[in-house]
Amino acid sequence: MTCSQREIALKLLEVVGVIDVNELTSMLNIPEDPRLLLGDLIEVNNNEAKLSQKGREVVSSIANCEEVVFRILYEYYRSRPRSLERDVALAEYGSKYVELSDYPIEITNEVLTTCLRLARFGAEANLPELARRYGVKAFLIGMRIGDYAAALEGLGHAVRKSRNPLELMPFIDQAIKLDKETINKHLVNYVGLMLSVGEGLIGSGFPKEALRFINHGLELIGEPNSELTCYLWTRLTTNLASAYMELMKYAEAIEMVNTALGKLTNCRIDERTRRQLVLELRDRLGVIKYLSGDLSGAYSVFSDVLREALELNEIPFAASAMHNLVKAKVLMSSDCSNYPELLRPIHGWTLRDSLNHYLTTNDQKNLRKVRILLTVLLIGIGDYDEAVKLLGQGDNDDIERFLRELITILKGEASTMTTEYRSPALADLATYINTALRITKWQSTGNKLWDQTAQALKNEITQIMKCQIPKLVLLQA
C-alpha cells in the first residue's frame with residue numbers, strides 16, 4: 001500500500017511531535033505553508049508545527065507508513081553536517097528504519113557505527129544516559145546482523161556507565177549465551193564486556209555478583225600471552241581485588257593486587273601501559289589499606305600514586321589520589337595543625353585542582369567528596385566564609401547541611417543545631433554539640449577560678465567543634 005504525501009506528513013508529525021516549519025517543508029518537499037496540505041489537522045505557532053487534536057485522531061487510523069517516514073527522517077539528518085544533535089537523530093530514526101526495513105546492510109552499518117560513536121562519547125564524557133541508550137542500541141543491532149565485536153563493545157559502554165547494571169542483565173545474559181566459537185573469535189571484546197559488568201556491579205554495590213563475571217573473564221584469558229590479554233587480565237584482577245575489598249576480605253584483596261603486580265613484570269606489554277596498570281593497582285592498594293584501617297600505609301601509597309600519576313599525566317588518578325591521601329592524613333592527625341600544609345600543593349597538585357577536575361568532568365560523586373574534605377580543612381583553619389561559599393556549590397544533603405549549620409555556630413550566628421538528620425550519627429553529633437554549647441553560655445560570676453574554668457571549657461569546646469567534629473563528619477562522607 002502506497003502512502004500519500006498527506007499521510008506521510010501526518011505520520012511524521014506524530015513521530016517528531018513539534019518541528020520547525022522550514023524543516024518540515026524541506027523534508028517532505030511540500031508548500032511553504034504546510035497548512036495548504038494539512039489544513040486544520042495541524043497547528044502552527046512561532047513557525048513550529050504540530051498535530052492538532054483532530055490531526056491526532058486522524059493519524060491514529062493511518063497504518064503502514066512508518067517505514068517511509070523513518071527513511072525520510074534518516075536521510076534528512078544523514079545529509080546534515082556532523083554534530084551531536086545530528087548523530088542522535090541518525091541513531092534514533094535510523095535504528096527504527098533498519099528495523100522496519102529488515103536491516104539493509106549498508107544503512108545498518110552506518111547506524112551501528114553512529115550508535116557506537118555516541119556510546120563511546122557518552123562513556124568518555126561521563127554522560128551515562130547517552131552511553132547506556134546507544135550502547136544498548138549498538139548491542140541489539142550488532143547481535144541482529146552478526147557484528148558481535150560491535151555488539152559487545154556497545155553493551156560494555158552501556159554497562160560501565162549504568163547506574164544500575166542489573167537493569168541490563170537481560171542483554172548481558174544474551175551475550176553470555178553466545179556459542180564458544182563466537183566468544184573465542186571475539187575474545188577481547190567479550191572479556192572486555194565481562195570487565196565492564198564486573199566494574200559496574202562493584203560500583204553499584206553488588207560485589208558478590210561481580211565475582212561471577214570477573215572470574216569468567218579470567219578463566220577465558222587463562223595465561224595472558226599478548227599485550228591486550230595482559231591488560232585485560234590485570235584489569236580483571238584489579239577488579240577482583242575491589243570486589244574482595246567491598247566484601248571486607250582485605251587480606252584476599254591485597255593478595256590479588258600483589259599477584260597482579262608480580263604478573264606485570266613478565267607481561268609482554270609496552271612500558272607506558274605497564275606503568276599505567278601499576279598505577280591503577282597501587283591506587284587500589286591504597287584504598288584497601290585505608291579501609292582496613294592502615295591510614296599511614298594508605299597515605300604512603302597514595303603519595304606515590306599522586307607522583308606517578310602526574311608524571312604520566314593521568315589526571316583522574318591524580319585527582320583521586322590527592323583526595324585520598326589528604327583524607328588519610330586528616331584522620332591520622334589528632335589536631336588540625338597540619339591543615340594549612342594539606343591545603344598547599346603536594347607534588348605540585350592541590351585539592352583545589354582535584355575539585356576543578358571533577359567540575360570539568362561533571363563527576364558529581366567525586367566532586368561532593370572533595371568539596372566536603374575541603375570544607376573540613378577550611379573550617380579547621382577558621383576560614384568560615386570560604387567554607388560557606390564552597391558548600392553553596394553543593395546539594396543540601398545531610399552532611400553538607402550539617403557542616404553549614406556548624407559554621408553558623410562557630411561564627412556566632414546561631415546558638416543551637418537542628419537534630420533532624422536522616423543519619424543517626426549526625427543526629428547524635430548535633431545533640432552532643434547542643435549539650436556542649438550549654439557550657440559556653442555560663443555567665444561570669446566574679447569567681448576567678450570559676451571563670452577561668454568556664455573559659456578553658458569554652459575554648460576546648462570551640463576547638464572540638466572546629467577540628468574533631470568535622471573529622472567525625474568526614475567519616476560519614
Side-chain angles (χ1 to χ4, degrees), residues 1-119 129-130 132-145 147 151 154 170-171:
M1 174 182 166
T2 303
C3 297
S4 68
Q5 191 178 48
R6 178 173 174 274
E7 289 174 327
I8 292 170
L10 290 171
K11 205 68 180 175
L12 190 147
L13 282 166
E14 181 187 42
V15 170
V16 300
V18 178
I19 188 171
D20 181 84
V21 168
N22 296 326
E23 283 193 332
L24 179 63
T25 56
S26 176
M27 284 181 192
L28 300 175
N29 193 26
I30 59 176
E32 289 185 7
D33 187 347
R35 283 171 292 193
L36 296 176
L37 174 68
L38 302 173
D40 62 354
L41 300 180
I42 64 167
E43 298 173 358
V44 178
N45 294 302
N46 298 320
N47 210 44
E48 288 186 334
K50 66 177 182 179
L51 290 173
S52 64
Q53 179 60 38
K54 184 177 179 180
R56 286 192 291 272
E57 293 170 0
V58 171
V59 80
S60 63
S61 64
I62 299 174
N64 303 318
C65 293
E66 286 87 352
E67 182 179 339
V68 66
V69 165
F70 283 108
R71 176 179 58 78
I72 289 170
L73 287 165
Y74 163 76
E75 290 178 348
Y76 174 78
Y77 283 102
R78 184 176 183 272
S79 68
R80 301 186 69 176
R82 173 78 64 79
S83 67
L84 180 59
E85 179 188 9
R86 177 259 192 191
D87 276 4
V88 167
L90 202 64
E92 289 294 330
Y93 301 132
S95 60
K96 189 65 177 176
Y97 172 52
V98 297
E99 179 187 340
L100 291 168
S101 57
D102 200 26
Y103 297 91
I105 192 64
E106 187 175 337
I107 296 173
T108 302
N109 283 335
E110 182 177 28
V111 174
L112 175 56
T113 299
T114 304
C115 288
L116 271 181
R117 185 163 59 241
L118 288 169
E129 185 53 37
L130 201 69
R132 183 189 185 283
R133 182 171 183 80
Y134 296 105
V136 169
K137 281 185 179 292
F139 173 75
L140 293 173
I141 295 171
M143 291 292 284
R144 177 63 176 76
I145 66 172
D147 190 341
F171 306 117

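Side chains are part of it too, since the values below use all heavy atoms of this structure and drop only hydrogens, waters and symmetry mates. All residue numbers refer to positions in the sequence shown, counting from 1.
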Working to the nearest 0.5 angstrom, can you tell me the gap between L41 CG and L13 CG? 10.0 Å
Contacts of type side-chain contact (heavy atoms from CB on, under 4.5 Å), residue S83, not counting sequence neighbours: E85, R86
Non-neighbouring partners of R35 that pass side-chain contact (heavy atoms from CB on, under 4.5 Å), sequence neighbours left out: D33, I42, V44
Show which side-chain atoms of residues 87-101 pair as donor or acceptor with protein atoms under 3.5 Å away, not counting sequence neighbours.
| residue | atom | partner | partner atom | Å |
| --- | --- | --- | --- | --- |
| D87 | OD1 | R117 | NH2 | 3.3 |
| D87 | OD2 | R117 | NE | 2.9 |
| D87 | OD2 | R117 | NH2 | 3.2 |
| E92 | OE1 | R133 | NH2 | 3.0 |
| E92 | OE2 | R133 | NE | 2.6 |
| E92 | OE2 | R133 | NH2 | 3.2 |
| E92 | OE2 | Y134 | OH | 2.6 |
| S95 | OG | A91 | O | 2.7 |
| S95 | OG | E92 | O | 3.0 |
| S95 | OG | K137 | NZ | 3.3 |
| S101 | OG | Y97 | O | 2.8 |

Of all pairs that satisfy salt bridge (charged side-chain N to carboxylate O under 4.0 Å, His left out), the ones with a partner from residues 52-62, not counting sequence neighbours: D40-K54
Sequence neighbours excluded, the answer for side-chain contact (heavy atoms from CB on, under 4.5 Å) partners of L140 is V136, F171
I141 and C115 have their tightest heavy-atom pair at CD1-SG, 4.4 Å
Without swapping roles, check the side chain of E7 against the backbone of I62 for a donor-acceptor pair under 3.5 Å. no
Provide the closest heavy-atom pair for P34 versus T25 in the form atom of the first, atom of the second, distance. CD-CG2, 4.4 Å
Salt bridge (charged side-chain N to carboxylate O under 4.0 Å, His left out): which pairs involve residues 11-29, sequence neighbours left out? K11-E14, K11-E66, E23-R80
Which value, rounded to the nearest 0.5 Å, describes the distance between I19 atom CD1 and L12 atom CG? 5.5 Å
Starting at CE of M27, measure out to CD1 of I72 and round the result to the nearest 0.5 Å. 9.0 Å
Nearest heavy atoms of K50 and G17, plus distance in Å: CB-O, 3.4 Å
Where A138 and L112 come nearest, the two heavy atoms and their spacing: O-CD1, 3.4 Å
Any chance you could measure T113, atom OG1, to N109, atom CG, to the nearest 0.5 Å? 6.0 Å
What are the two closest non-hydrogen atoms of L28 and Q5, and how far apart are they? O-NE2, 3.3 Å
d(Y74 OH, T114 OG1) to nearest 0.5 Å is 7.5 Å
Atom pair OG1/CG of T108 and D147 - distance to nearest 0.5 Å: 11.0 Å
Do the side chains of R71 and E75 get close enough for a salt bridge, i.e. N-O under 4.0 angstrom? yes
